[in-house]
Structures are given as C-alpha cells and as structure tokens.
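This report concerns only the one structure given below.
Within every chain, numbering begins at 1; the chains are lettered A, B, ... in the order of the sequence lines, protein sequences first and strands thereafter.
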Amino acid sequence: MLKSRLLVILVAFISSSSYAATDAKTCSPVDLRGEKLGPVRNQDSMGACYAFSSADLLSYKMGHKISAMSLMRSKAKTWYLSILDKLSLQSRHGQLMSGGNEKPLLDQALKAGLCLEKDLPSEDNLNVEYRDRIEALYKLKSSVEKKEVTHYDACIQLLTLFPAIEPNDAIAILINSDLNSLFDRLAEKSCYWKIKAPSLKIVSEKKIFLLDKLFPTDLFSTINRELSRKNPPIIGYVGKVLVDIETTKTNISHSSLIVGRKFNPASQTCEYLVRNSWGRSCSYYDSRLKCEEGHIWLPENILGKKLNEVVYAK
Amino acid sequence: MPSSLALLFFFSTSVFAMELKCTTGQIRWYHEKKQSQEIINYCTNDDGTVFVSKDCYLTQCWKKFNITQLALDKAIDQEIGSPGFAICRSLKGVPQIIEFEHQKRWVSLDRCRLKEGDIDTGLLFKVLNDKVKTSR
C-alpha cells in the first residue's frame with residue numbers, strides 16, 4: 001500500500017516537475033546578428049560544428065573573425081596522426097571526424113591566444129575533404145624528399161591549407177619537421193600573429209539525463225539571461241530537429257550559437273534564433289521553421305525537447 | 001556582373017514552391033589567395049539563398065539522381081560537416097563555396113558541381129529529400 005502511494009506521488013512529481021515556458025515579458029526581442037558575426041559560416045566537410053559555434057562565440061566577443069580550424073588544432077593533429085597510421089586509414093570515414101566539446105576547446109583557445117580566420121581558413125576545401133588535405137600533407141613531404149615534386153609545386157599545395165605562411169617558411173617546415181609535428185608546426189606558424197584573448201570564464205550547464213525528469217535543468221533560464229546580457233550562448237542539441245521538427249532522434253548532438261529571441265504572439269511561444277554552420281542556405285530546414293539566410297527560428301517547445309547543453313562565456 | 005547585362009527569366013515550379021529568377025551573371029571564388037571568376041546562367045530566389053544553374057533548373061537535373069533515405073539520414077547523423085556536402089560527394093560532385101552578385105551585393109553560398117549542372121548543396125539535399133519522401 002505504502003509502495004503504491006509512493007509510486008503515485010513519484011509519478012505526480014515527475015509529471016509536475018517541468019519548468020514553465022518563457023513568458024512574453026522574459027522573451028523580449030533580442031537580435032545579435034550583425035557585423036560582429038557576419039554571414040553564417042559553412043563547416044563544409046569538417047566534423048566540427050562545436051569548433052564553428054565556439055569560433056562564432058569568440059568572434060562575437062572579440063569583434064574579429066576567429067578561425068574555427070585554429071580551435072581544432074589538437075583534433076586535427078589527432079586526425080593527422082591517425083592518417084599516418086595505416087590501420088586507422090581503413091576506418092577514417094567514421095569516428096575520426098566526429099564531434100567534441102566546446103568548453104575544453106574554448107578554455108584551451110583562451111589560454112593559447114586566438115587566430116584569425118584569414119590566417120588559418122576553416123571553410124571551403126574545394127574538391128576534397130579536409131582530412132584528405134591533411135593526408136595530402138603527409139604525401140607531400142614524402143614526395144618532396146623523393147624529389148618527385150619541386151619546392152615550388154609543394155609550396156602551392158601548402159599555401160592552400162596555410163595561406164598566411166611565407167613560402168620559404170612553409171618549405172622549411174615541410175623539410176625540417178618530422179611527420180608527427182608537421183601539421184602542428186604549420187598551424188602554429190600560420191597563427192603567429194595571435195590575438196590576446198580577453199579574460200573570460202567558460203561555463204557549461206548540461207541536462208542530467210536520467211535525473212532530468214525528476215530534477216529538470218532549466219537551460220532556458222540560462223539562455224534567456226545571457227541573451228538579455230547580449231552574450232550569445234552556444235547550445236548542444238539534436239541537430240536533426242532542424243531538418244525534421246518531429247524527429248525522434250535523441251542521441252545525435254549538434255552545436256550552434258543562439259543569437260536572438262522573440263515572442264510569437266500567435267503561438268504564444270518564445271522563439272530562439274539558431275545560427276547554424278551549414279552556410280546561408282535555407283533549403284535544409286523543415287519548411288515549418290522560419291529561416292533567414294542560415295539562421296533558423298526554433299520555438300521553445302520544439303528546441304526544449306532536443307536541448308542538452310548550454311555553454312557561455314562570462 | 002553589371003546588372004544591365006542580366007537576362008531575366010521567371011520560372012515557377014512546384015518542386016521549389018518558390019519563384020526563381022534566372023540571369024546570366026558572374027560568380028567568383030577564392031583559391032590560393034587568388035580570385036577566380038566565371039560567367040554562367042544561374043537561377044536564384046529573392047534572398048539569394050538558392051543557387052542552381054539554369055540548365056539544371058530547366059531540366060530538373062536532380063531527377064536523375066538516386067539516393068536512399070538511409071544515405072540522407074547518414075549525411076545528417078554522421079555529423080562530418082554540412083549534410084549537402086556529403087550528398088554532393090556521394091553523387092561524384094564537387095562542392096565549392098562561391099559568391100555571386102545578388103541585388104547589388106556579393107553573397108556567399110555554395111554549389112555542387114555535377115556533370116548535369118550546378119546546384120547549391122542545401123537545395124540538392126532538399127530536392128533529394130523530397131524525392132525520397134514522395135517515392136515512399
């Protein structure tokens with residue numbers, strides 16, 4: 001008897017313990033799009049939504065376009081080293097390019113200094129994927145050593161990945177570096193003129209999955225507070241919701257910056273402006289969502305079901 | 001491209017559920033710090049978020065492509081970048097970020113270069129997604 005009463009109380013608690021939807025007053029209009037962020041980026045074939053959202057956050061804070069690739073340096077080095085491993089090469093179309101976490105990435109970047117997009121480009125890998133370009137580095141070094149390609153031709157190839165390096169420096173690094181340090185040294189040289197990062201603390205708040213029904217994490221309070229401070233937060237969420245708002249997927253995580261909010265009086269819902277990193281196209285997205293040049297308005301009741309994490313700088 | 005050189009055509013198809021304007025215009029892209037450019041016939045929408053070469057648009061070139069729901073899902077789920085880039089490459093296309101002049105400003109988008117014509121990767125994803133859904 002006692003057990004069943006406890007069960008009823010528990011069920012009642014679970015069903016009642018959800019946070020209230022954002023009201024119209026809290027959902028005052030915010031729109032942080034503009035010159036600081038520029039057009040939506042295109043992550044191309046890099047499995048790096050978290051690096052692009054992190055670069056967007058830093059770009060907003062700094063007023064300069066920060067390189068997403070520079071934030072990925074440690075990851076890129078891992079890919080590169082994996083590519084050197086022939087066994088890994090067999091399975092490289094899998095986990096090697098899959099995601100990561102924003103907080104450690106941002107913490108590391110703020111400590112090391114920030115690199116501009118123009119010095120270490122992250123977008124547009126032309127006719128190949130980024131990992132193929134990294135793999136080509138390995139082959140290029142070997143070809144130069146065997147004198148199969150001239151320094152001039154090697155230089156042209158190097159400058160597509162590292163356009164900020166002087167040609168002579170690029171060749172010197174190619175010749176003098178061992179394979180393990182080649183990518184990192186080229187990236188380091190590209191980012192020689194670093195921007196000193198401001199003193200920021202990165203905070204991450206996550207849903208606790210098993211306990212979330214009992215003790216729901218009100219991530220929207222955090223999002224609303226930071227938006228009101230004109231401090232765009234990053235969200236970790238199920239990215240497929242952008243393509244299909246009825247998706248039942250729960251385990252695939254995507255990362256984007258939230259750059260605005262507005263209250264929709266017709267639906268009585270607060271809507272959040274997601275800055276994705278799939279370019280300016282609006283064709284990808286569920287036709288029921290409003291899209292503006294790669295920014296998507298996601299209603300709170302839809303985003304709430306797929307929201308896992310909020311990361312912000314303070 | 002000077003807008004005075006533009007040849008305008010208006011088309012409306014149920015596939016796009018939007019009106020595209022076709023023009024002869026310049027597109028540009030950057031490679032090795034150098035700008036390259038090309039003049040082509042292409043079609044776009046009001047806000048310049050769609051790009052498709054006129055020949056592909058007129059022939060609805062995507063009808064020739066076969067792709068499965070599984071491949072589309074995989075392109076999103078594997079999260080190795082923009083899904084349209086993965087789809088483009090699976091069709092033996094070459095994705096490329098470009099800029100084109102739209103309402104007197106240069107806007108950035110991308111194109112998947114296929115032998116059947118050019119189409120932006122977002123639109124490619126959409127038309128193939130719609131095709132798969134309607135064929136169920």
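Neither the backbone nor the side chain of B:N45 comes within less than 4.5 Å of any heavy atom of chain A. Only the backbone of A:S277 comes within contact range of chain B, judged by heavy atoms closer than 4.5 Å.
Annotation: side chain to side chain contact (heavy atoms under 4.5 Å, CB included) contacts of B:D46 (sequence neighbours excluded): none. Partners of B:C56 according to the disulfide bond (SG atoms under 2.5 Å apart) rule, which considers only residues two or more places apart in sequence or in another chain, are B:C61.
Using a distance-only test at 3.5 Å, with no hydrogens or angles considered, a donor-acceptor pair links the side chain of A:R280 to the main chain of B:G48. Not a single donor-acceptor pair under 3.5 Å links the side chain of A:Y284 to the backbone N or O of B:S82.
The distance from atom CZ of B:F125 to atom OG of A:S281, rounded to the nearest 0.5 Å, is 10.5 Å. Once rounded to the nearest 0.5 Å, the distance linking NZ of B:K126 with CG of A:D286 reads 9.5 Å. Interatomic distance, B:S108 OG to A:R41 CZ, rounded to the nearest 0.5 Å: 12.0 Å.
For the set B:G93, B:C88, B:G84, the entry with the most heavy-atom pairs within less than 4.5 Å of chain A is B:G84. For the set B:D120, B:T121, B:D110, the count of heavy-atom pairs under 4.5 angstrom toward chain A peaks at B:T121.
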Task: Candidate pair A:V243 and B:N129, rule side-chain contact (heavy atoms from CB on, under 4.5 Å), full reasoning - done: CA-CA 10 Å; A:V243 177; B:N129 200 24; 4.3 Å; yes

- [ ] Could you check A:E292 against B:T49 for side-chain contact (heavy atoms from CB on, under 4.5 Å), going step by step and ending with a plain yes or no?
- [x] CA-CA 9 Å; A:E292 296 165 11; B:T49 56; over 6 Å; no

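In plain terms, the two heavy atoms of A:S283 and B:V50 that are nearest each other are OG-CG2, 4.0 Å.
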